[in-house]
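Presented below is the structure to which this report refers.
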Amino acid sequence: DTAGLVRRRIQDGERPDVVFVQKTWIDTLRDADLLANASITDLAYSAIGLVARAGTPKRDISTQMRFVDALRDAQSIAYTDPKAGGLSGSHFARLASQLGIEEEIHRKAVLGTPMARVSRGEVEYAVLQLSEIVTLKDVVFMGPFPDALQETTPTSAAILRGAGAAAPALDFLRYMKRPAVAEVFRAKGMTPAK
């Protein structure tokens, strides 16, 4: 689920032993006193990128100007619905506003399920975490957002307060910090946390 929906499920009473979600939502769960605070563990960081449906000519989006030009030329752009708690979609919506292209993006926006939509060729571009992009086949990776426009999202894990299997959950979190697991994160387009 999106980070927002995972958070909502927990706030609505679901009680897994361990939750993996972006750090922003981990902090929200901590502030609601739902986590065993000492268990909060940062695992890896994921940047946001732009991917296009198969057959789309590759474009250079390495600078703000080139990035904005690509977005303006696009016929359609899919991203997670900020109201559903999608962090990449929330960042993209804020970015469009900051860049003064909010209305243009709004006219082209297709909210929800960006991975599926770009894979099926329903949209020209999709805004996704790099860790999601590396799982896609038959798409064109345009690149990460330019550094000045980037938001790197930490993925964290924590044990929920009152977890039924707290000891095995803690062992699992320790395992997730091993060097071999860090290599898996790298292979999935993420930067392991120190």
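Sequence positions, counted from 1, serve as the residue numbers for this chain.
- Taking 4.5 Å as the limit, some side-chain heavy atom of F20 sits within range of a side-chain heavy atom of L43.
- Atom NZ of K188 sits about 8.0 Å away from atom OG1 of T135, to the nearest 0.5 Å.
- Annotation: the span from L95 atom CG to Q150 atom CD amounts to 9.5 Å, rounded to 0.5 Å.
- Note on V181: it clusters hydrophobically with M190, by side-chain heavy-atom contacts below 4.5 Å among ILVMFWY residues.
- Placement of M65 and L99 in two distinct hydrophobic clusters is found when ILVMFWY residues are connected by side-chain heavy-atom separations under 4.5 Å, directly or transitively.
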(request) With side-chain contact (heavy atoms from CB on, under 4.5 Å) as the test, would you mind laying out the steps for I48 and F92 before giving the verdict? (result) CA-CA 9 Å; I48 299 172; F92 184 63; over 6 Å; no
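- In the hydrophobic cluster analysis, where Ile, Leu, Val, Met, Phe, Trp and Tyr join through side-chain heavy atoms closer than 4.5 angstrom, I77 is grouped together with I61.
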(request) Take D27 and R30 through the salt bridge (charged side-chain N to carboxylate O under 4.0 Å, His left out) test and state the conclusion after the steps. (result) CA-CA 5 Å; D27 292 343; R30 181 201 62 219; 3.2 Å; yes
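- Taken from OG in S156 to OH in Y45, the straight-line distance is 7.0 Å, to the nearest 0.5 Å.
- Of all the heavy atoms in S119 and V139, the pair that sits closest is CA-CG1, 4.3 Å.
- L128 contributes atom CG, which lies 6.5 Å from atom CG of L136 (distance to the nearest 0.5 angstrom).
- More than 12 heavy-atom neighbours from other residues, nucleotides or ligands sit within 6.0 angstrom of CG on D69.
- Using a 4.5 Å heavy-atom cutoff, the side chains of L160 and L35 are in contact.
- At distances below 3.5 Å, at least one donor-acceptor pair connects side-chain atoms of R117 with backbone N or O atoms of G112.
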(message) Could you go through E151 and R94, starting from their C-alpha distance and side-chain angles, then the distance that decides it, and tell me whether this counts as salt bridge (charged side-chain N to carboxylate O under 4.0 Å, His left out)?
(response) CA-CA 11 Å; E151 180 171 88; R94 284 190 307 273; 3.3 Å; yes
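- Heavy-atom minimum distance, V118 versus E124: CG2-O, 4.2 Å.
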(request) Please lay out, stage by stage, how E104 and L71 fare under the test side-chain contact (heavy atoms from CB on, under 4.5 Å). (result) CA-CA 9 Å; E104 290 177 71; L71 296 177; over 6 Å; no
(message) Is there a side-chain contact (heavy atoms from CB on, under 4.5 Å) between M176 and T41? Walk through the geometry before answering.
(response) CA-CA 9 Å; M176 294 299 293; T41 305; over 6 Å; no
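- Using a 4.5 Å cut-off on side-chain heavy atoms (C-beta onward), I105 and Y79 make contact.
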(message) The test is salt bridge (charged side-chain N to carboxylate O under 4.0 Å, His left out); show your working for D171 and R174 and say whether it passes.
(response) CA-CA 5 Å; D171 288 342; R174 288 183 184 126; 3.3 Å; yes
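- For the pair S97 and E102, the tightest heavy-atom approach, listed with the atom from each and the gap, is OG-OE1, 3.6 Å.
- Residues F67 and I101 fall within the same hydrophobic cluster, defined by Ile, Leu, Val, Met, Phe, Trp and Tyr side chains chained together at heavy-atom separations under 4.5 Å.
- In this structure, T152 OG1 and Q129 CD are separated by 9.0 Å, a value rounded to the nearest 0.5 Å.
- Between the R15 side chain and the I10 main chain, a donor and an acceptor come within less than 3.5 Å of each other.
- Between the T80 side chain and the G89 main chain, a donor and an acceptor come within less than 3.5 Å of each other.
- L50 and F145 get closest at one heavy-atom pair: N-CE1, 4.2 Å.
- For the pair H91 (side chain) and L149 (backbone), a donor-acceptor distance under 3.5 Å is present.
- Atom CG of D17 sits about 8.0 Å away from atom CD1 of I159, to the nearest 0.5 Å.
- What you find for L130 and G189 is that their closest heavy atoms are CB-O, 3.9 Å.
- A 4.5 Å side-chain heavy-atom check between L111 and K83 finds every atom pair outside the cut-off.
- Remark: V140 engages A52, K58, M142 in a side chain to side chain contact (heavy atoms under 4.5 Å, CB included) (not counting sequence neighbours).
- Residues I133 and L87 do not share a hydrophobic cluster, clusters being chains of Ile/Leu/Val/Met/Phe/Trp/Tyr side chains in contact below 4.5 Å.
- The two residues A187 and V134 come nearest to each other via the heavy atoms O-CG2, 4.4 Å.
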